[in-house]
Amino acid sequence: MRVSRQMLVTLRDVPAEAEIASHQLLLRAGYIRRVGSGIYAYLPFMWKVIQRITSIVREEMSRAGALETLLPQLHPSELWKRSGRWQGYTAGEGIMFHLEDRQGRELGLGPTHEEVITSLAGELLRSYRQLPVNLYQIQTKFRDEIRPRFGLMRGREFIMKDAYSFHATEESLQATYTAMDEAYRRIFARCGLDAVPVDADSGAIGGAASQEFMVTADAGEDLILISDDGLYAANQEKAISCPHEAIPLETGEPITLKTPGQGSIESLCETQGWHPSQVVKVLILMARMEDESEKPLLVSLRADQELNQVKLVNALSRLMDQGVLDCHPITVEETARQGLAPLPLGAIGPDLDDAVLKGARSWAPSFIRLADNTATELDRFHCGGNNHDLHRCHSDWETLGGRPGGQDLRNARAGEACVHNPKARLQDKRGIEVGHIFQLGRKYSQAMDCRFTNESGRDEAFWMGCYGIGISRLAQAAVEQHHDDAGICWPTAIAPFEAIVVVANIQDETQLALGEATYTTLLEAGIDVLLDDRKERAGVKFKDADLIGIPWRIVIGRDAAEGNVELIERSNREMRKLPHAEATSSLVSALRP
RNA sequence: CGGGGCGUGGCGCAGCUUGGUAGCGCACUACUUUGGGGUAGUAGGGGUCGUGGGUUCAAAUCCCGCCGCUCCGACCA
């Protein structure tokens, strides 16, 4: 391919819309253009990258025995109503784009395909003898993200590989889950990415075990915790750890203190000379449940700890046996709207009386009380006095009406000891989620009543797994992980071209002739090579080659008369001056070892 | 949705406070020049100043509404 024919449009200035390096570089180097908020065109170079990635994905999925298919993007609402997800995915802050056709039928644009595939499986897979089956597709997904950002990183229209497996037994599901884990490791390694598998929360998709694959990069939206012995890694949403020991509180008189202006843990501890680990803080939150009921929550936590919202929501939905639509701290305004007296925010104790909720307009009349282990394990502690500007010192659970059952509701943090090995410490890193595998279990097959006949002739719901890779996101994550000041440094396996031949001065006939010859030699060797034949100054062509990030560059320049050229590796900028035949052969052997 | 910022040729911006000829850099076209890290010069093309209304003799500029984009929080591949 000749650069002069490539519609290569590079920008010197960074478009104002781009914040992070990968987004800026993809725009500047002419890989993508924004068409709308969270909607991007993949320009020809980008499409080549995407195709490189998808062919690796196809090879590895196929190796793992999965079958490629292509499902519709337009989904009848009935399917989603059968699984019970229509309401949650369309109403309020739902992420599904939906519309009505001319007959008034409701349709949604697929944000994910469990419904479609499960219903098809239910029709096609009648017997355990057909199982297991693993189906995948590579296709555009639509999600009306609350906040699209960072270019392809969180788009509203994006390319995803999604796979769904169907099994007669849980053991079979686990075997495929393991196979997918291995396939994913191979895929990311082949794409040249440093991707860490981490334990993950299964979120809205649901199910039992789940693991995310994180490309480590400072621009990542997730915080991941990794043990320094390399044996444990988890998303902070899910991560567990041993909290630091509390500083023991010596015995003292249980008294009530006036604490004006000490509504925050920081100011309270500073004024009173307490350590936060000696205090039980109580967070007051409002949970809106799937049945639209509004439940006030009191969550007790040792004051040096942070609440983990995901763990809280999971604990709550287990307790109430239904989903949680929203959970947020209660505000002064909300309390007023309920017609209640102001709550003693900043001085709430675990035993705050339900009476404060009496007469609430729409809230449930009593608190759901939850406690983290760090709080319940304290024998003596300070806590709020349930009145404005009052705290109680040297209190204990017996005084407060009994020690509650504790559970894990806190954030694990860097520096803490690991549960699997107390000698190991957690470190934190930012990560970009490029893949996620789930053991769904029978959640969807039961909800949609999709069954097969088992060995003993009885109908049974499928065991299911699902496995996603954000293809377009992966492409950008690769740039985030592989770039320098001058531009992109694509891993060779997913680069749009493997090499570029730059003729420094095309008006020099010797250079031009040697350039064409080198280009032809490489083409004939099966190398995906680009020839920069533009009538531009050498500097411009070098800058562009660096920016677009082609892994290898051969420069035909002033030494062309002697038959010598330069061979340069983009990633480390190593340059060798070589006779041209040697340069092409050493390039070919580097690319086709 | 809550809270900031911004909408002026393809890209990056100035002009707006104090109303009166729409400007700069990059990119683009032609010619000249240069020819190994975004060469220099000359000439040129391209803008309903997001949009609707209002104030005014006169609005990019002042006032009101709407739309869009973007950043910080709740969603996720």
Side-chain angles (χ1 to χ4, degrees), chain A residues 9-20 23-24 27-28 30 33-39 88-89 92-96 111-113 138-163 184 200-205 212-215 221-222 235 237 288 309-310 313 324-329 331 333 432-438 466-477 486-487 502-508 511 535-547 553 555-560 566 568 573 575:
Chain A
V9 180
T10 57
L11 302 175
R12 205 185 287 213
D13 294 316
V14 180
E17 70 192 66
E19 196 76 3
I20 61 174
H23 187 195
Q24 295 178 343
L27 284 167
R28 281 190 55 213
R33 273 295 163 102
R34 194 181 62 79
V35 172
S37 178
I39 306 172
Y89 270 69
E93 292 191 348
I95 60 167
M96 183 149 66
T112 175
H113 280 71
I138 294 172
Q139 185 211 47
T140 300
K141 290 277 189 285
F142 299 89
R143 291 185 190 171
D144 192 1
E145 290 287 343
I146 295 163
R147 184 146 102 82
R149 57 177 147 182
F150 302 150
L152 305 184
M153 219 65 115
R154 180 175 297 283
R156 298 197 297 166
E157 181 183 313
F158 60 98
I159 301 173
M160 176 165 154
K161 187 283 300 179
D162 49 328
Y184 273 39
D201 181 70
S202 23
I205 307 287
E212 292 167 331
F213 291 82
M214 294 286 190
V215 168
E221 295 185 272
D222 288 277
N235 192 312
E237 294 176 349
R288 197 158 56 87
Q309 283 255 355
V310 173
V313 165
V324 179
L325 296 178
D326 176 54
C327 183
H328 63 267
T331 63
E333 296 73 35
I432 301 165
E433 182 188 354
V434 290
H436 200 157
I437 59 178
F438 300 82
C466 85
Y467 320 94
I469 291 180
I471 301 287
S472 42
R473 177 185 282 181
L474 187 159
Q476 185 171 333
V502 177
V503 179
N505 181 358
I506 62 160
Q507 312 201 82
D508 179 321
Q511 289 187 21
K535 185 179 179 297
E536 289 286 354
R537 296 170 60 87
V540 174
K541 294 193 264 201
F542 294 157
K543 288 279 188 204
D544 275 344
D546 285 349
L547 180 60
R553 183 166 99 212
V555 177
I556 317 288
R558 48 169 93 91
D559 301 330
E566 291 156 27
I568 299 135
R573 302 194 155 159
M575 192 264 274

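The sequence lines fix the lettering, A, B, ..., with proteins before strands; numbering per chain opens at 1.
- Rounded to whole Å, the distance from CZ on A/R28 to P on B/G38 is 14 Å.
- Residues satisfying the side chain to side chain contact (heavy atoms under 4.5 Å, CB included) criterion with A/K141, sequence neighbours excluded, are A/H113, A/Q137, A/Q139, A/F158, A/M160, A/D162.
- The side chain of A/R147 contributes an N or O atom lying less than 4.0 Å from OP1 or OP2 of B/C71.
- A donor atom on one side chain and an acceptor atom on the other are not found under 3.5 Å apart for A/Q511 and A/N505.
- Annotation: ring-ring contact (aromatic ring centres under 6.0 Å, His included) contacts of A/F213 (sequence neighbours excluded): A/Y184, A/F188.
- A/E145 places its CD atom 13 Å from the P atom of B/C71, with the value rounded to the nearest Å.
- B/C71 and B/C66 are spaced 22 Å apart, taking the C1' atom of each and rounding to whole Å.
- Of all the residues in residues 539-546 of chain A, A/G539, A/V540, A/F542, A/K543, A/D544, A/D546 reach under 4.0 Å from RNA chain B with at least one non-hydrogen atom.
- Judged by closest nucleotide on RNA chain B, A/T10 is the one of A/T10 and A/E433 placed further toward the 5' end.
- With C1' as the reference atom, B/G52 and B/G7 are 16 Å apart, rounded to whole Å.
- The C1' atoms of B/C49 and B/G19 are separated by 15 Å, rounded to the nearest whole Å.
- The separation between A/R12 atom CZ and B/G37 atom C1' is 12 Å, rounded to whole Å.
- Taking the salt bridge (Lys or Arg N to Asp or Glu O under 4.0 Å) definition, one finds that A/R537 meets it with nothing, sequence neighbours left out.
- Nucleotide B/U39: unpaired (no Watson-Crick or G-U wobble partner with both distances less than 3.5 Å).
- Pairing for B/C24 goes to B/G12, judged as Watson-Crick or G-U wobble with the two contacts each under 3.5 Å.
- When heavy atoms are screened at a 4.0 angstrom cut-off, A/D162 is found touching no nucleic acid atom at all.
- Contact check, A/R143 against B/C75: no side-chain N or O comes under 4.0 Å of OP1 or OP2.
- Partners of A/D508 by salt bridge (Lys or Arg N to Asp or Glu O under 4.0 Å), not counting sequence neighbours: none found.
- Distance check on atom C1': B/G9 versus B/U48 gives 13 Å, rounded to whole Å.
- Between the side chain of A/R553 and the base of B/G37, a donor-acceptor pair under 3.5 Å is found.
- B/C24 sits 12 Å from B/U8 when the C1' atoms are compared, rounded to a whole Å.
- Applying the salt bridge (Lys or Arg N to Asp or Glu O under 4.0 Å) test to A/R33 and every residue at least two apart in sequence or in another chain returns nothing.
- Under the side chain to side chain contact (heavy atoms under 4.5 Å, CB included) criterion, A/D559 pairs with A/E562, A/N564, A/K577, not counting sequence neighbours.
- Using P as the reference atom, B/G23 and B/A60 are 13 Å apart when rounded to the nearest Å.
- Between A/H436 and A/Y467, the closest side-chain pair of non-hydrogen atoms is not below 4.5 Å.
- Nucleic acid contact class of A/G435 (heavy atoms, under 4.0 Å, all strands): sugar-phosphate only.
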Exercise for review: Check step by step if side-chain contact (heavy atoms from CB on, under 4.5 Å) holds for A/I432 and A/D222.
Suggested key: CA-CA 6 Å; A/I432 301 165; A/D222 288 277; over 6 Å; no
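- As rounded to whole Å, 17 Å separates atom P of B/G35 from atom CG of A/D559.
- Here A/R288 contributes atom CZ and A/H328 contributes atom NE2; the two are 9.0 Å apart, rounded to the nearest 0.5 Å.
- One N or O donor and one acceptor, one from the side chain of A/E566 and one from the base of B/G36, sit under 3.5 Å apart.
- Residues A/R473 and A/L152 have side chains not in contact (no heavy-atom distance under 4.5 Å, counting atoms from C-beta outward).
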Write out a two-atom table: protein N or O, nucleotide N or O from nucleotides 31-34 of chain B, distance below 3.5 Å.
residue, atom, partner, partner atom, Å
B/U34, O2, A/R537, NH1, 2.3

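- Base pairing analysis places B/G46 opposite nothing; no Watson-Crick or G-U wobble pair with both distances below 3.5 Å involves it.
- Shown here are the side chain to side chain contact (heavy atoms under 4.5 Å, CB included) partners of A/A545, two or more places apart in sequence or in another chain: A/I500, A/R553.
- Between the CG atom of A/N235 and the P atom of B/C75 there is a distance of 12 Å, given to the nearest Å.
- Between the P atoms of B/C28 and B/C11, the separation comes to 15 Å (whole Å).
- Here B/A74 presents its C1' atom at 12 Å from CZ of A/R288, a figure rounded to the nearest Å.
- Between A/P15 and A/H23 the shortest side-chain heavy-atom distance does not fall below 4.5 Å.
- At the heavy-atom level, A/E19 lies under 4.0 Å from the strands shown only through sugar-phosphate atoms.
- Partners of A/K541 under the side chain to side chain donor-acceptor pair (under 3.5 Å) rule, at least two apart in sequence or in another chain, do not exist in this structure.
- Judged by Watson-Crick or G-U wobble contacts below 3.5 Å, the nucleotide B/C6 has B/G68 as its partner.
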Taking only N/O atoms, report every protein-nucleotides 7-16 of chain B pair under 3.5 Å with atom names and distance.
residue, atom, partner, partner atom, Å
B/G12, OP1, A/A16, N, 2.8

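- In terms of the salt bridge (Lys or Arg N to Asp or Glu O under 4.0 Å) criterion, A/R147 has no residue partners (sequence neighbours excluded).
- Between B/A77, B/C75, B/G36, one nucleotide has an atom nearer to the side chain of A/I95 than all others, and that is B/C75.
- The CG-C1' distance, from A/D326 to B/C1, rounds to 11 Å in whole Å.
- Residues A/H436 and A/M575 each lie close to RNA chain B; by heavy-atom proximity, the contact nearer the 5' end of the strand is made by A/M575.
- A/G30 comes within contact range of no nucleotide atom at all, as no heavy-atom separation falls under 4.0 Å.
- Between the CE atom of A/M96 and the C1' atom of B/C75 there is a distance of 15 Å, given to the nearest Å.
- Shown here, B/U18 forms no base pair; nothing in the strands shown gives a Watson-Crick or G-U wobble contact with both key distances under 3.5 Å.
- OP1 and OP2 of B/G68 both lie 4.0 Å or more from every side-chain N or O belonging to A/S37.
- When the P atom is used for both B/G50 and B/G10, the distance is 13 Å, rounded to whole Å.
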